[in-house]
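Shown next, in structure tokens, is the structure this report addresses.
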Amino acid sequence: MGMEASEIEALIRQGIPDAHVEITDLAGDGDHYAARVVSESFRGQSRVQQQRRVYDALGGRMGGVLHALQLTTAIPE
Amino acid sequence: MSDIKARIDEIVNGNDVVLFMKGTALFPQCGFSSRAVAILDHLNVKFETVDVLQDAEIRNGIKDYSDWPTIPQLYVKGEFVGGSDIMMEMFEAGELQQLIADKDVAKA
């Protein structure tokens with residue numbers, strides 16, 4: 001079970017093309033990651049809306065094959 | 001309206017603050033859930049918890065209800081606020097304290 005960091009990054013980029021994505025492996029078990037996603041397209045959106053877009057990009061894997069993803073979203077400084 | 005949606009409606013509208021979590025406030029069963037409880041404890045507000053591990057129907061129903069794939073989920077005055085990460089970000093930015101004050105939530 002679990003996913004590769006590169007796979008998570010690719011999926012997020014596919015869903016949010018202009019995103020800058022940083023993935024940190026928290027436990028080395030393919031199941032616990034932190035992700036920081038920065039995108040201009042988040043501007044004006046609430047945190048919930050921003051994070052929903054990341055979860056949508058992950059196509060339903062969140063909470064399934066991907067157990068834990070500590071997610072931070074932001075707009076470029 | 002499906003009965004699971006009606007059940008959740010009743011819970012989220014029947015309490016000022018509700019946290020759908022894994023485990024209980026005293027015995028959280030997941031790091032994200034325990035972090036959410038810790039934040040609510042800091043806010044010193046009265047809150048209800050629902051242990052989704054005890055109720056598969058709620059565990060799945062809540063994800064459709066809020067269109068949010070993970071647990072925990074925080075509701076204040078019937079409105080979905082976010083999961084553990086958003087609670088943390090809002091807490092650190094003082095936004096959660098502001099929301100609690102604005103919505104006139106009962107203190108613990």
Side-chain angles (χ1 to χ4, degrees), chain A residues 1-3 5 7-9 11-12 14-16 19-39 41-77, chain B residues 12 18-23 28-36 38-39 50-53 55-100 102-103:
Chain A
M1 286 292 277
M3 290 175 73
E7 201 182 340
I8 297 171
E9 186 172 339
L11 283 169
I12 294 174
Q14 225 173 12
I16 308 171
H20 169 73
V21 184
E22 285 161 39
I23 307 279
T24 314
D25 188 338
L26 298 176
D29 59 2
D31 228 356
H32 296 76
Y33 291 98
R36 177 175 163 74
V37 183
V38 181
S39 165
S41 64
F42 286 156
R43 198 175 295 276
Q45 293 190 321
S46 72
R47 284 191 181 90
V48 169
Q49 288 165 331
Q50 294 173 12
Q51 292 206 0
R52 257 197 200 112
R53 287 185 55 208
V54 176
Y55 288 143
D56 291 346
L58 291 171
R61 291 174 181 76
M62 193 57 236
V65 66
L66 182 54
H67 170 65
L69 179 68
Q70 203 164 310
L71 184 54
T72 311
T73 53
I75 46 176
E77 252 95 57
Chain B
V12 299
V18 185
L19 183 71
F20 290 81
M21 62 177 290
K22 289 178 181 172
Q29 299 299 308
C30 150
F32 291 107
S33 286
S34 70
R35 191 171 67 164
I39 289 171
V50 176
D51 182 357
V52 301
L53 298 178
D55 189 325
E57 204 186 27
I58 285 214
R59 181 173 187 172
N60 295 313
I62 195 70
K63 294 176 183 176
D64 300 333
Y65 187 85
S66 57
D67 182 23
W68 190 261
T70 58
I71 300 291
Q73 293 186 18
L74 176 67
Y75 291 76
V76 173
K77 296 267 181 164
E79 261 177 67
F80 175 61
V81 174
S84 181
D85 296 326
I86 286 178
M87 283 178 69
M88 181 55 91
E89 277 183 64
M90 289 180 73
F91 180 71
E92 281 166 355
E95 290 169 19
L96 209 44
Q97 295 83 330
Q98 191 59 51
L99 176 72
I100 296 289
D102 292 349
K103 302 254 181 180

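Below, each value reflects all heavy atoms present in this structure, side chains not excepted, and no hydrogens, waters or symmetry copies. Labels below follow one simple rule: chain letters A, B, ... track the order of the sequence lines, proteins then strands, and each chain is numbered from 1.
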| request: Answer with side chain, backbone, both or neither: which region of Leu69(A) has an atom nearer than 4.5 Å to a non-hydrogen atom of chain B? | output: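 Contact with chain B involves the backbone of Leu69(A) alone.
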| Side chain, backbone, both or neither: which part of Ser46(A) has a non-hydrogen atom closer than 4.5 Å to chain B? |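 It is neither, since no heavy atom gets under 4.5 Å.
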| query | Is a donor on one side and an acceptor on the other found under 3.5 Å between the side chain of Asp55(B) and the backbone of Asp51(B)? | reply |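 No; zero donor-acceptor contacts below 3.5 Å.
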| request: Using a cut-off of under 4.5 Å on heavy-atom pairs, state which of Gly82(B), Ser84(B), Gly83(B), Pro69(B) scores highest against chain A. | output: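 Heavy-atom pairs under 4.5 Å are most numerous for Pro69(B).
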| task | Select one option (side chain, backbone, both, neither) describing which atoms of Arg35(B) are under 4.5 Å from chain A's heavy atoms. | result |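 Looking at Arg35(B), just its side chain touches chain A.
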| request: Check whether any side-chain heavy atom of Ile71(B) lies under 4.5 Å from a side-chain heavy atom of Lys63(B), and answer yes or no. | output: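 Side-chain contact under 4.5 Å: yes.
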| message | Classify the ring geometry of Phe80(B) against Tyr75(B): parallel below 30°, tilted from 30° to 60°, perpendicular beyond 60°. | response |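 If you compare the ring of Phe80(B) with that of Tyr75(B), the planes turn out tilted.
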| said: Set out, in order, the CA-CA distance, both residues' side-chain angles and the distance that settles side-chain contact (heavy atoms from CB on, under 4.5 Å) for Leu71(A) and Val37(A), then state yes or no. | reply: CA-CA 8 Å; Leu71(A) 184 54; Val37(A) 183; 4.1 Å; yes
| When Gln51(A), His67(A), Met62(A) are compared by non-hydrogen pairs under 4.5 Å with chain B, the top option |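 Looking at each of Gln51(A), His67(A), Met62(A) in turn, Gln51(A) comes out on top.
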| query | Is it true that the side chains of Arg53(A) and Thr73(A) contain a donor and an acceptor less than 3.5 Å apart? | reply |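 Side-chain D/A pair, Arg53(A) to Thr73(A): absent.
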